[in-house]
Amino acid sequence: MRTFFANTEIVPAHAQTIEARAVRPPHRPGRAAEAFVCWGWAAALFLLYTTVAVRRHLLLRTTGYDLGIFEQAVRGYAQLRAPFAPLRGEGFNLLGDHFHPLIAALAPLYRVWPSPLCLLVAQSALLAVAVVPLTRWADRALGRRAAHVVAFAYGMSWGIASAAAFDFHEVALAVPLLSFALEALGRRRWRQAVAWSVPLLLVKEDLGLTLAAVGGYIAWKGPRRFGILTAAVGLIGSAIEIKLLLPAFNPGGGYAHGANLAEAHGSLLATIAFAPLDVLRPDVKAMTLVLVFAPSALVALRSPVSLIAVPTLGWRMLSDNVFHWGTAFHYSAVLMPVVFAGLIDALTRYREAAPNQPLASRHLRASLLTVIAVTLVMLPSFPLAQLAQRATWRTTAHIEAAQALLRRIPHGATVAASNRLAPQLTSRCEVVIFPTWPVEGHLYEYEQQRLPRPTAEWIIHDRRAPEAWPYKTGHWPYPIEQQLAELEAAKREHGYVVVAERDGVTLLRRRV
């Protein structure tokens, strides 16, 4: 224990020379060593995340919703077209779903490597690179061993793991941007922080609120006018995107996700009045709020930097979409840099207080040990633990059967595919979900009488229920009985014939 952190030994109050040695700035062997530590961690995490993501795709655990949708959009950019996503609806421009034009930055890479794996590997790199500024800041403020703790805890944190082990999402671009911005805030480089934060407006429409939070922090801790201007840019930017740009691109002429934040209590005033209670109920919301800061052993809550997480937590907890309330999917990835920036900032205060408060060094060391313990305790409950599961490394007969039938579909064909089979085809075919969903571009439309007849050349359907985090075992978007009924109707009424059937996977082709 006494040697775990050489720079933070417990200091007797009467021993002034020992106390001085305990709070002495950490020895700095040079920037080359610092860079090696930071980028070494980034490389290791990149390999870890890539392994999880690639194995998941090879095991047919990725989905048309959402990997296939984003691949269709990036494929459009790579071909110098608009980001249309047939999986999202006929003629649906994905800029009408969420405002994320920055994903076009992946188009050159996709042009060279047209594969869903391109997006998954790019996401792994983005999530991994975000560790660099956090580790560098911790190294300079707290010492080398503390930097290793921060890098380990960030890399294994559940918010990052949940994103790395799910389909590609645009927020992966925001994670390193925000991480570099937070490092700049910690070093009081206000303009640099804003330069890193402004591109958040091009990642997703709600991240203008995060930019506004960065501006608010700058107004509080730095140049007030500059901070207020930054906050105004963030708020105005989000308002323009939600009120003007998204409706302009959306086929329905509105904001696709506006209903998630509907006035749940009948009026705006009532919604505002009940907001404090709505943020904490049902219980899953309160649990998520605790778990968000748990990777820092809750120490991040002692730092005002943590307030930058409020906009994202606010809209999620006030949303009517139950997926926003929990710990699954990608929704918490953008919060993890804030949590660890808050941890570094709070621990820096411990170090600075050490000359006058002998217990500060003990608090610093105890906090870092607790962060390690919490990380290890939470690790088995989240997706990175899949690497230790035998099923992750085993290719079943069912997967081999599905892959064999997928290979029989020619390049350039139009295909209606089950959700888990769709991203296996989106790089080389025009793909929609079978049975057709959504209807006329509307999300969560299940009225069977409104389902249009299938028009794709091919249908490939998997009647086996997928077993993959974060979804529960079951069929989506329709119950299996309805899917099988639609499959029979395709054969009986719409001119499709069975080409092959193996291990629950059925391949049909429309008669010419």
Side-chain angles (χ1 to χ4, degrees), residues 2-9 20-51 105 109 121-157 160 164 172-197 199 295-296 300 303 305 336-352 354 361 364-365 367-369 371-372 375:
R2 294 183 60 82
T3 60
F4 185 81
F5 289 101
N7 300 311
T8 56
E9 296 178 359
R21 188 182 311 119
V23 300
R24 184 178 58 196
H27 174 63
R28 304 201 47 76
R31 294 201 172 185
E34 177 187 85
F36 178 80
V37 169
C38 297
W39 289 101
W41 270 105
L45 293 176
F46 168 70
L47 292 175
L48 177 67
Y49 301 156
T50 298
T51 301
L109 181 61
V121 171
Q123 175 169 265
S124 298
L126 290 165
L127 296 175
V129 164
V131 79
V132 171
L134 295 172
T135 305
R136 182 168 57 207
W137 180 12
D139 185 42
R140 295 177 178 179
L142 304 170
R144 182 59 45 83
R145 294 181 181 177
H148 284 299
V149 172
V150 169
F152 170 74
Y154 164 84
M156 303 297 165
S157 63
I160 297 299
L173 293 158
V175 176
L177 289 172
L178 189 54
S179 188
F180 279 101
L182 290 164
E183 181 202 21
L185 287 180
R187 300 175 66 184
R188 305 182 68 83
R189 296 183 176 180
W190 313 119
R191 294 185 183 276
Q192 189 179 78
V194 172
W196 282 110
S197 300
S296 71
S303 168
V305 172
M336 293 298 102
V338 180
V339 170
F340 285 97
L343 172 66
I344 297 167
D345 183 59
L347 294 184
T348 301
R349 297 168 187 270
Y350 283 153
R351 177 175 288 282
E352 293 172 347
S361 294
L364 173 58
R365 181 168 56 190
S367 297
L368 290 168
L369 288 170
V371 166
I372 294 174
T375 301

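Counting from 1, the numbers follow the sequence of the chain as shown.
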Of L127, T135, V129, which is the lone residue that meets side chain to side chain contact (heavy atoms under 4.5 Å, CB included) with V131?
T135
Provide the closest heavy-atom pair for A122 versus L109 in the form atom of the first, atom of the second, distance.
CB-CD2, 4.3 Å
Would you list the pairs meeting salt bridge (charged side-chain N to carboxylate O under 4.0 Å, His left out) in which at least one residue belongs to residues 187-196, sequence neighbours left out?
E183-R187
How would you list, by chain and number, every residue that makes a side chain to side chain contact (heavy atoms under 4.5 Å, CB included) with T375, sequence neighbours excluded?
F152, A153, M156, V371
What is the distance from atom CG of L142 to atom CG of L368, rounded to the nearest 0.5 Å?
7.0 Å
With sequence neighbours excluded, what pairs up with A181 under the side chain to side chain contact (heavy atoms under 4.5 Å, CB included) test?
W196, S197
Check A341 against V305 and note the closest heavy-atom contact, atom names and distance.
CB-CG1, 3.9 Å
Listed partners of A174 passing side chain to side chain contact (heavy atoms under 4.5 Å, CB included), at least two apart
L200, V203, L207, V334
Side chains of R365 and Y350 in contact at under 4.5 Å (non-hydrogen atoms):
no
Taking side chain to side chain contact (heavy atoms under 4.5 Å, CB included) as the test, write out the residues that go with L126, two or more places apart.
A172, L173, P176
All heavy atoms of L134 vs all of I344, minimum pair found to be O-CD1, 3.3 Å
Which heavy atom in L347 sits nearest to a heavy atom in S367, and how many Å separate them?
CD2-CB, 3.7 Å
Using atom types as modelled and distance alone, determine if a side-chain donor or acceptor of S179 lies under 3.5 Å from a backbone N or O of V175.
no
Give every residue pair that meets the salt bridge (charged side-chain N to carboxylate O under 4.0 Å, His left out) criterion with at least one member in residues 338-348, sequence neighbours excluded.
D345-R349
Hey, can you pull the donor-acceptor pairs under 3.5 Å for the side chains in residues 35-49, sequence neighbours left out?
residue: W41; atom: NE1; partner: H148; partner atom: ND1; Å: 2.9
residue: Y49; atom: OH; partner: G155; partner atom: O; Å: 2.7

Filter on salt bridge (charged side-chain N to carboxylate O under 4.0 Å, His left out), then keep only pairs touching residues 37-46, sequence neighbours left out; what's left?
none
How long is the straight-line distance from CZ of R31 back to CZ of R140, given to the nearest 0.5 Å?
4.5 Å
Heavy atoms only: give me the nearest I160-Y154 pair and the separation to one decimal.
CD1-OH, 3.4 Å
